[in-house]
Peer 1: 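Structure incoming, see below.
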Amino acid sequence: MEVDYEITSTEEKTGKNIVVILVGAPGSGKSTFCENVMSAARCPWVRICQDTITNGKSGTKAQCLSSAAEALKDGKNVFIDRCNLEKEQRAEFVKLGGLHVDVHAVVLDLPAKLCISRSVARTGHEGKLQGGKAAMVVNRMLQKKELPKLGEGFSRITYCQNESDVQGAVNTYGGLGPLDTLPPGYFGEEKRDAKVQLGIMKFFKKVDAIDTAMRDKNCSQVSVSEQETKEIDPSCKETEKITSSVGNEYEGNTEDQVLLEGSSVGSLSSKGVPTLAFPSISTSDFQFNKEKASDIIVEKVEEFLKKVGNVRLVLVDLHESNILSLVRSKAEQKNIDSKRFSTSVGDITRLYTRGGLRCNVIANAANWRLKPGGGGVNATIFSAAGPALEAATKERAGSLSPGKAVVVPLPSTSPLFKEEGVTHVIHVLGPNMNPQRPNCLKNDYDKGCRILGEAYSSLFEGFASILSIQTKLWKGSEEVSGSRSSELHENLFERNITNKREGRYASDRIKKYKGPQEESGIQHAISGSNGKESLSAMTDSMEGKVQSKNEKVDGGKRKVWSAWAQALYHIAMHPEKHKNEVLEISDDIVVLNDHYPKAQKHLLVLARMDGFDSLVNVGAEHLQLLKTMQAVGLKWVQSFLSDDASLVFRLGYHSAPSMRQLHLHVISLDFNSNHLKNKKHWNSFNTAFFRDSIDVIEEIEKYGKATLHDDEKLLSMELRCHRCRSAHPNIPRLKSHISNCQAPFPATLLQNDRLVLAPSQVHNKA
DNA sequence: GTTCTAGAAC
DNA sequence: GTTCTAGAAC
């Protein structure tokens, strides 16, 4: 290894090409890794996948080698996307290295159970290795795995043990510029003693009929991306032999039979459909009658699913229980879409890692003090989420009354967030029928049922309120927005087609909230806890939304701009009258400093076209102008970067600008400015309200329109750091945090050139 | 868009 | 008492 080190260090500045040999079992995410790097990349990469090398069909190792050599000759970097778990399988690819080519290894050494659940899920599409067999194969492969060493000829080896390591590596490679080199050596932690766990999926003791149906029918909605389905590739051809030899070895092993059956549940890990997992409320420790409870659950689920599209609810219990079967049969009787509601057996805090079931939000059957401990689900969730949940909960509410729910965003530091992808926990308190517990209703089931119904309403509305923030599900936009996936949790909230019905639902809700007889439970769930984001704020904002919608729908009416909102318009029309403030004038655009800059550098690029006030009426005919604005913005960014290479920029539009005349914000992401004073300022640049220019252009190219997120709610969202996503109670605290936060930017921002930064800084920021 | 300021939150 | 937010006026 020392030899390698010397070679690379002497040639450090030459901008060598790289061959990255991925090492990982099927299901470890190799292809996804490549895709993520390539989508962020600043220099050309070629992914060589034995599985698809012959016009989409599988090929030979020799073909891979020659394609790799060719790509290197063209000056491209290369991914070798095959399992490469054994030294011998890697040897020939390592030989691609030389004077001008470095060979790196990226080891996706993720938990075996995760690889297995993913790969088992994927074989359904491939039809090669079926269900349990795939599990055996992966198991066996992992047992044979030999982790790469520098001595094999690698100059750099990166070990990834979990998703966050993987993201780190994606950032590192994705951020490489053509002349950049990475330091040689070992990176990340190597865990050699990891033993493969057999029978990992006994957790799924029973496959719900509903779940199975879901897997079979759900291809369109619960789509597994193509490259994922290809994960078991011919580079694992060795493994097919293993399959046959191993297959019998495991037959008759009941645990693994269970595994096989249960694993198939993993395939419903539906990326893209926001999912709420919830326990049955009140039926365990609070001793609520299960028969009655199951009626309420089914009724509330049905009601919610009718109102909100494209979401999924999963009732979870640790064991196959009476309540699960009651609910299942009642849901079946009511013909509730099994794709959208199902039951599941397992630990609600391990649904993804143990079962491949992605749940963005989980509900907690909380106690009234909202404290950890006790037993059951509450103890499990608090312990799995770590102290971060307790702290975040405290920020939101001190206690909870029966029938109410409180939505708590999970800090990204929580293991539940990092490992399971859970973004929010919703605490719910149900009615209590247990004399040993507080607030016992003494068998008053009239009241009990009402409160339990309220509890579920609160829970589901809380879930919906999260969606409305994260996916604009309620916006009723009638077009498919760009379905790029994004940061860890946003992945789960992939944007989807929303329909008019949902849009109407949103406005129905507004009317409802404006009415005098508000349902306190619902109110509570949406307002978070104690009115911080108060009901009135919500109704006001919703009202605003309806109003602006009317303008759009009615078409004829135009937004009326106040006098103060005309300033940019005047400058755009007569830049010569504003020579002092204008930095650049052309026929199409005017550039000026924002009068109240919200960061060290904050420019506006104005469109000069009369009547082009905002993105609301943008269309394909404006494409060229938008591209010009973007290009001019980038030009200025480059000049700023040459003065200060530590800056990072974003270029984009406000979905609902306050000032007339389309203006592109070019802003450095330090947000170090005294003019940044309030929530609206922050959120207008750091939520979906801000539309990156590059995305707007892409959407117009694809759909002729841009999706706008002009929901006022976005502007009153809690304050979160744009880097580490931590939440802060007020602007001063946020500002003091961001002045120090050096966390890498979230993956969403790192993709698609949304960030513009100096080439020399690429690694640091990523 | 900002400024001003009452009053909520701490 | 001080800090901070949010609504109204411009």
Side-chain angles (χ1 to χ4, degrees), chain A residues 391-399 406 513-514 526-545 547-548 558-575 578 580-582 590-599 601-607 612-616 652-667 671-687 689-691 708 710-721 727-739:
Chain A
T393 301
K394 222 173 172 178
E395 262 182 44
R396 294 256 147 183
S399 66
V406 55
Y513 282 116
K514 286 193 77 71
I526 289 193
S527 63
S529 63
N530 46 11
K532 257 192 179 168
E533 292 145 32
S534 73
L535 180 66
S536 64
M538 181 181 166
T539 47
D540 288 348
S541 68
M542 294 291 241
E543 197 173 26
K545 191 177 86 183
Q547 208 179 348
S548 68
R558 277 203 171 177
K559 178 165 178 169
V560 181
W561 301 90
S562 322
W564 54 260
Q566 310 273 0
L568 296 178
Y569 172 73
H570 294 312
I571 295 174
M573 293 304 112
H574 302 287
H578 302 265
N580 294 337
E581 27 193 335
V582 164
V590 172
V591 181
L592 69 158
N593 278 313
D594 192 295
H595 201 58
Y596 298 94
K598 304 299 184 291
K601 297 288 175 194
H602 185 181
L603 289 184
L604 301 178
V605 180
L606 299 187
F612 192 16
D613 286 337
S614 76
L615 286 183
V616 171
Y653 301 89
H654 284 158
S655 287
S658 301
M659 304 197 71
R660 179 178 180 191
Q661 197 65 20
L662 187 76
H663 51 282
L664 173 70
H665 289 271
V666 176
I667 188 163
F671 296 108
N672 176 9
S673 161
N674 291 333
H675 295 292
L676 199 159
K677 291 175 175 169
N678 60 42
K679 217 172 215 187
K680 186 173 175 179
H681 291 154
W682 177 258
N683 283 334
S684 70
F685 290 101
N686 291 293
T687 64
F689 186 86
F690 188 82
R691 296 298 337 266
L708 299 180
D710 59 344
D711 191 335
E712 289 281 327
K713 271 174 90 182
L714 288 169
L715 297 177
S716 53
M717 265 173 79
E718 61 185 357
L719 298 165
R720 280 188 178 270
C721 171
H728 299 269
N730 55 44
I731 289 286
R733 297 265 287 274
L734 172 75
K735 289 178 89 170
S736 110
H737 168 84
I738 59 171
S739 67

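Values below: all heavy atoms of this structure, side chains included; hydrogens, waters and symmetry mates excluded. Below, chains carry the letters A, B, ... as their sequence lines are ordered, and counting in each starts from 1.
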Peer 1: For A:Trp564, which residues count as a side-chain hydrogen bond (donor to acceptor under 3.5 Å, both in side chains) partner, sequence neighbours excluded?
Peer 2: none

Peer 1: Calculate the interatomic distance between A:His570 atom NE2 and B:dG1 atom P; express it in whole Å.
Peer 2: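 Taking NE2 of A:His570 and P of B:dG1, I get 16 Å after rounding.
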
Peer 1: Report the C-alpha separation of A:Asn683 and A:Phe685 in whole Å, then their side-chain angles, then the decisive distance to 0.1 Å, and conclude whether the side chain to side chain contact (heavy atoms under 4.5 Å, CB included) test is met.
Peer 2: CA-CA 5 Å; A:Asn683 283 334; A:Phe685 290 101; over 6 Å; no

Peer 1: Rounded off to whole Å, could you give me the NZ-to-P distance for the A:Lys680 and C:dG7 pair?
Peer 2: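 Rounded to the whole Å, the gap is 11 Å.
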
Peer 1: Check this one for me: any side-chain N or O of A:His654 less than 4.0 Å away from OP1 or OP2 of B:dG1?
Peer 2: yes

Peer 1: Could you tell me which residues satisfy side-chain hydrogen bond (donor to acceptor under 3.5 Å, both in side chains) with A:His665, sequence neighbours excluded, listed by chain and number?
Peer 2: A:His602, A:His654

Peer 1: Quick one: pull up CZ in A:Phe689 and CG in A:Leu708 and give me the separation to the nearest 0.5 Å.
Peer 2: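 Reported to 0.5 Å precision, the distance equals 9.0 Å.
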
Peer 1: Less than 4.5 Å apart, any side-chain heavy atom of A:Ser739 and any of A:Asn672?
Peer 2: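 A:Ser739 vs A:Asn672: side chains apart.
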
Peer 1: Between the protein and nucleotides 8-10 of chain C, which nitrogen or oxygen pairs are less than 3.5 angstrom apart?
Peer 2:
{"unit_1": "C:dC10", "atom_1": "N3", "unit_2": "A:Trp564", "atom_2": "NE1", "d": "3.3"}
{"unit_1": "C:dC10", "atom_1": "N4", "unit_2": "A:Trp564", "atom_2": "NE1", "d": "3.3"}

Peer 1: Calculate the interatomic distance between A:Lys677 atom NZ and B:dT5 atom P; express it in whole Å.
Peer 2: 14 Å

Peer 1: Can you list everything that forms a side-chain hydrogen bond (donor to acceptor under 3.5 Å, both in side chains) with A:Asn678? Sequence neighbours excluded, please.
Peer 2: A:His681

Peer 1: Between the protein and nucleotides 2-4 of chain C, are there any N/O to N/O pairs under 3.5 Å, and if so, what are the atom names and distances?
Peer 2:
none

Peer 1: Residues two or more places apart in sequence or in another chain: which of them pass side-chain hydrogen bond (donor to acceptor under 3.5 Å, both in side chains) with A:His578?
Peer 2: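 In terms of side-chain hydrogen bond (donor to acceptor under 3.5 Å, both in side chains), with neighbours along the sequence ignored, A:His578 is linked to A:Glu581.
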
Peer 1: What heavy-atom pair brings A:His675 and A:Pro597 nearest, and what distance separates the two atoms?
Peer 2: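 Between these two residues, the closest heavy atoms are CB-O, 3.2 Å.
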
Peer 1: Output the rounded distance in Å from NE2 (A:His728) to C1' (C:dT5).
Peer 2: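 Rounded to the whole Å, the gap is 18 Å.
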
Peer 1: Write down the distance between OH (A:Tyr569) and P (B:dG1), rounded to a whole number of angstrom.
Peer 2: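 Whole-Å distance recorded here is 19 Å.
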
